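Chain letters run A, B, ... following the sequence lines, proteins first and then strands; every chain starts at 1. In this text, all values refer to a predicted model and were calculated from it rather than measured experimentally.
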Protein chains: 2
Amino acid sequence: MPRQVDHKARRDQIAEALLDIVADHGLEAISVRAVAAQAGVSTGRIQHYFANKDELLAYAIEYQDWLVQQRWNEQAWPEGEPTPREALRWVLLETIPRDDRRRREWLVGVAYLIRMLANPKLRALYVDGLPRLYRLLADLVRMAQEAGDIAPDRDPEVEAELLFGLADSQGPPVVLGLRTPEQATAAIDYYLDHLFR
Amino acid sequence: MPRQVDHKARRDQIAEALLDIVADHGLEAISVRAVAAQAGVSTGRIQHYFANKDELLAYAIEYQDWLVQQRWNEQAWPEGEPTPREALRWVLLETIPRDDRRRREWLVGVAYLIRMLANPKLRALYVDGLPRLYRLLADLVRMAQEAGDIAPDRDPEVEAELLFGLADSQGPPVVLGLRTPEQATAAIDYYLDHLFR
DNA sequence: CTTTTTACAATACGTTCGTATTGCCAAAGC
DNA sequence: GCTTTGGCAATACGAACGTATTGTAAAAAG
């Protein structure tokens with residue numbers, strides 16, 4: 001066997017370029033040539049690593065999903081053992097598009113949503129992830145309740161929905177510049193202050 | 001002047017076809033020929049009523065925005081003078097994609113979101129609408145408070161954000177079939193039960 | 001040193017795209 | 001009734017598209 005290259009690295013580099021374009025101009029701006037230009041490679045290279053455009057598109061979100069999971073596995077939780085409140089805050093802030101990386105992830109997620117309707121593999125990325133997130137939030141609320149930091153009459157499932165909804169609904173206004181990430185963070189902190197006592 | 005036709009009706013019919021395609025397959029599926037086929041007209045007809053593709057795309061969301069405003073102006077409020085709670089519930093349920101019409105509107109809104117980043121005219125549709133919605137929700141909470149139906153220590157602005165977030169976050173799971181519209185409605189009713197007493 | 005295979009670059013091919021062009025029919029104005 | 005003009009259909013055109021094909025440099029295997 002001749003010259004060996006890191007296949008994943010090459011595919012990831014191409015996926016990076018695709019995700020940049022999608023976040024800026026949507027899926028309709030994706031062409032093999034445009035991705036090649038953004039990545040600074042030839043279309044021949046892209047053809048060498050992806051059988052066709054659909055496979056390229058599919059790899060790119062799977063790659064983004066992998067990126068997100070990497071961050072959650074490595075960075076969570078930032079400093080030692082967090083309290084339920086710290087963990088809750090970390091998770092909620094993680095969902096808002098507060099910096100370039102998270103902004104791109106958020107926009108790409110939006111761009112791929114309609115594709116999920118007809119594509120079961122894409123759908124699974126969302127369908128599997130959301131209930132896990134709800135469960136995590138509810139568990140953290142429960143832990144805080146058991147520690148006496150949240151009033152016992154609060155329903156953890158309902159609180160999980162409210163918290164997620166509050167964080168999730170910050171996405172569009174932040175991305176569109178109607179609200180700053182700081183304001184979105186403040187909204188979440190404000191509600192956490194009410195929830196914890 | 002010769003034969004006169006209803007220009008708006010023609011344009012709306014074409015916009016309808018475009019919106020159907022966008023909701024099903026995203027903006028990347030839009031071509032003048034595809035819209036013509038969906039509408040059952042010739043591409044010549046589309047060219048006659050729209051200078052180019054961009055103008056067609058722009059007209060279509062403006063048309064959808066007009067449709068939504070029509071419904072809010074005419075159907076709100078369903079039966080006579082509603083209580084603040086009825087009005088609140090009506091508004092919140094209006095934002096969830098519970099039937100084909102609202103589902104299409106929701107999906108089209110998502111599809112156009114990335115275009116709003118670079119297009120001020122599109123952005124305005126969102127940027128103008130959201131604060132008005134927040135204000136409406138907060139006002140309704142305030143009215144209910146003054147009537148003694150909501151505890152006076154609730155912050156109307158915070159409650160507006162929670163209510164909107166709760167309703168808004170139902171969109172993706174409902175559209176993707178993870179949750180039924182009935183379950184989404186139940187989640188909203190459950191929280192309204194807690195808020196009102 | 002030769003062979004084989006990987007990793008591409010370059011180009012070619014057929015299709016689809018947005019849009020320009022052309023032509024025709026019907027109705028209103030004179 | 002002739003002219004004009006709006007309302008199209010049909011077609012044409014160049015660019016861009018996804019992808020197939022071809023060629024080549026280089027490195028591992030023998």
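- Summarising the geometry, the separation between NZ on B:K53 and P on D:dA15 is reported as 18 Å, rounded to the nearest angstrom.
- For the pair B:Q47 CD and C:dG18 C1', the interatomic distance rounds to 8 Å; values are reported in whole Å.
- Within 4.0 Å (heavy atoms only), B:L56 reaches no atom of the nucleic acid at all.
- Applying the ring-ring contact (aromatic ring centres under 6.0 Å, His included) test between B:H194 and each of B:Y191, B:Y190, B:F196 identifies B:Y190 as the sole match.
- In this structure, A:I14 atom CD1 and C:dA7 atom C1' are separated by 12 Å, rounded to whole Å.
- One finds a salt bridge joining B:D193 and B:R85 here, because a Lys/Arg side-chain nitrogen approaches an Asp/Glu carboxylate oxygen to under 4.0 Å.
- One can place CG of A:D54 at 13 Å from C1' of D:dT19, the figure rounded to the nearest angstrom.
- In this structure, B:E28 atom CD and C:dG18 atom P are separated by 13 Å, rounded to whole Å.
- Between the A:R98 side chain and the A:L93 main chain, a donor and an acceptor come within less than 3.5 Å of each other.
- Between A:H48 and A:R33, the residue whose closest nucleotide on DNA chain C is further toward the 5' end is A:H48.
- Side-chain proximity of B:V32 to the nucleotides C:dG18, D:dC8, C:dT11 is greatest for C:dG18.
- Between A:I46 and B:A51, the residue whose closest nucleotide on DNA chain C is further toward the 5' end is A:I46.
- Straight-line distance from the CG atom of B:D6 to the P atom of D:dG6: 17 Å, rounded to whole Å.
- A cation-pi geometry, defined here as NZ or CZ lying under 6.0 Å from the six-membered ring centre and within 45° of its normal, does not hold between B:R10 and B:Y49.
- For the OP1/OP2 pair of D:dA16 and a distance below 4.0 Å, the side-chain nitrogens and oxygens of A:S31 include no atom meeting the criterion.
- Checking D:dG7, C:dC8, D:dA20 against the side-chain heavy atoms of B:Y49 singles out D:dG7 as nearest.
- Taking a cutoff of 4.0 Å between a charged side-chain nitrogen and a carboxylate oxygen, B:E62 and B:R11 do not qualify as a salt bridge.
- Put simply, B:H7 has no side-chain N or O that comes within less than 4.0 Å of OP1 or OP2 on D:dG6.
- Of the candidates D:dT19, D:dA10, C:dA7, the closest approach to any side-chain atom of A:N52 belongs to D:dT19.
- Put simply, CD1 on A:I30 is 15 Å from C1' on D:dA16, counting in whole angstrom units.
- The side chain of A:R45 places no N or O atom within less than 4.0 Å of a non-bridging phosphate oxygen (OP1 or OP2) of C:dA10.
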